[in-house]
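Since the structure comes first, as structure tokens, the remarks are kept for the end.
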Amino acid sequence: MRSQLPRLQSRVSITDEVFETLRSMIIQGKLRPGEKITESGVAVEMGVSITPVREAFLKLEAAGFIASKPRQPSQVSMLSLEELEQYVFIRSTLEQASLDRLLERITASDLDALWAIATRMRQSLEQRDWDSYAKDHRSLHELLLQSVQWPILQQIVMRIFDSLDRYRFLGNARSLDQWTEDQCGHEELLRTIERKDKEAAIRLVVESHDRLVIHLKRALECGDHDIAVHFTGVRP
Ligand SMILES: [Zn+2]
């Protein structure tokens, strides 16, 4: 009977807190692909017991953020270059194909909210505040997808976003020019959406995804050790 369900214990929210903290750190590139992470280490550092951390690890693994092997420390999930290219292809294809729907459904208040986020991103960029930038960047794409009003599409693309964005962070980490180029691309995308210019919007979507792949490929071809260690199947 529903009335007999047990009351939730506080460790449930600690699990969520641990999950959210680690998830943000992975998305923001503070925990990088391939980095090892142990339940006991997290429990000690965060000052919590092992049980909620274990539960948070299970949730992180189910959501694709970490990978676990028996009797080994978990690792932040890594991609091969080919997997990264597949994700980019799928995300880019879905974003282009849903643009018609986005342009039909997006409202003036959606656009106001998007510009507010883009303005904060510009400020974070100027202040080199990468944590805020990464957080707002995710919100911007989530809101754009929300405007399409297809929740399953939103879920699928956001999952891909989370697998990819840590690599964008990695790839751009050393070049302010690339961050600025990304930011200008987002602002230009909002302008094209505002004037319902589908062709220009498609071009910007394709360009932004291409930029990530080209940059990382070039780094790997040049034998950039700092980037290679974050890929599977690449000998650093
Ligand atoms: Zn973006």
Side-chain angles (χ1 to χ4, degrees), residues 23-30 32-33 64-65 79 83-99 101-103 106 110-148 150 153-194 197-217 219 227 230:
R23 193 183 76 112
S24 301
M25 287 178 76
I26 292 170
I27 291 172
Q28 292 165 14
K30 286 179 181 167
R32 302 197 153 192
F65 287 104
L79 299 174
E83 285 167 336
L84 182 126
E85 286 184 281
Q86 283 185 58
Y87 275 137
V88 167
F89 176 83
I90 298 166
R91 182 176 157 198
S92 178
T93 305
L94 290 175
E95 284 181 352
Q96 290 174 57
S98 57
L99 257 173
R101 229 184 119 84
L102 172 79
L103 295 179
I106 197 158
D110 290 336
L111 275 162
D112 286 347
L114 285 162
W115 274 116
I117 297 172
T119 306
R120 280 205 305 272
M121 284 166 68
R122 172 64 69 180
Q123 286 161 356
S124 300
L125 183 69
E126 281 160 8
Q127 293 160 3
R128 320 279 191 270
D129 179 353
W130 307 122
D131 292 358
S132 304
Y133 189 89
K135 218 178 283 172
D136 280 325
H137 181 231
R138 192 177 190 280
S139 305
L140 184 100
H141 283 283
E142 199 161 33
L143 185 52
L144 275 170
L145 285 159
Q146 229 169 56
S147 309
V148 178
W150 260 348
L153 178 97
Q154 183 183 340
Q155 232 174 54
I156 292 170
V157 178
M158 283 316 290
R159 180 151 178 155
I160 297 175
F161 178 96
D162 286 337
S163 300
L164 281 177
D165 213 44
R166 64 189 95 148
Y167 280 92
R168 185 181 298 277
F169 214 90
L170 185 77
N172 283 357
R174 278 161 295 174
S175 161
L176 188 61
D177 284 354
Q178 279 153 2
W179 284 112
T180 308
E181 211 178 330
D182 272 359
Q183 175 61 17
C184 293
H186 290 112
E187 290 167 1
E188 188 55 29
L189 180 65
L190 294 189
R191 278 191 285 273
T192 58
I193 290 172
E194 237 164 7
D197 185 346
K198 185 184 158 190
E199 294 312 312
I202 284 182
R203 204 173 53 241
L204 287 162
V205 167
V206 171
E207 275 172 13
S208 80
H209 293 309
D210 282 356
R211 252 199 317 274
L212 174 70
V213 175
I214 290 167
H215 174 69
L216 290 171
K217 260 189 167 168
I227 288 186
H230 300 292

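Atoms within each ligand, like the ligands themselves, are counted from 1 in listed order. As the structure is a computational prediction, the values presented were derived from the model and not from experiment.
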*For the pair Arg128 (side chain) and Glu126 (backbone), establish whether a donor and an acceptor sit closer than 3.5 Å, ignoring hydrogens and angles.*
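Here the side-chain-to-backbone pair exists.
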
*Looking only at atom types and distance, does a side-chain atom of Tyr167 sit under 3.5 Å from a main-chain N or O of Leu79, one as donor and one as acceptor?*
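Yes: the side chain of Tyr167 pairs with the backbone of Leu79.
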
*asked:* Within less than 2.8 Å, report the number of protein N/O/S atoms around the Zn ion (ligand 1).
replied: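 Protein N, O or S neighbours of the Zn ion (ligand 1) under 2.8 Å, waters not counted, come to 3.
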
*Is the shortest distance from a Lys or Arg side-chain nitrogen in Asp197 or Arg191 to a carboxylate oxygen in the other one below 4.0 Å?*
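No, this pair does not count.
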
_Is the ring pair His141/His137 parallel, tilted or perpendicular, if the boundaries are 30 and 60 degrees?_
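Perpendicular.
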
_Spatial distance of atom CD (Glu207) from atom CG (Asp210) [nearest 0.5 Å]_ =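 One finds 8.0 Å between CD of Glu207 and CG of Asp210.
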
*Any chance you could lay out the side chain to side chain contact (heavy atoms under 4.5 Å, CB included) test for Asp165 and Arg138, step after step, and finish with the verdict?*
CA-CA 9 Å; Asp165 213 44; Arg138 192 177 190 280; 6.0 Å; no

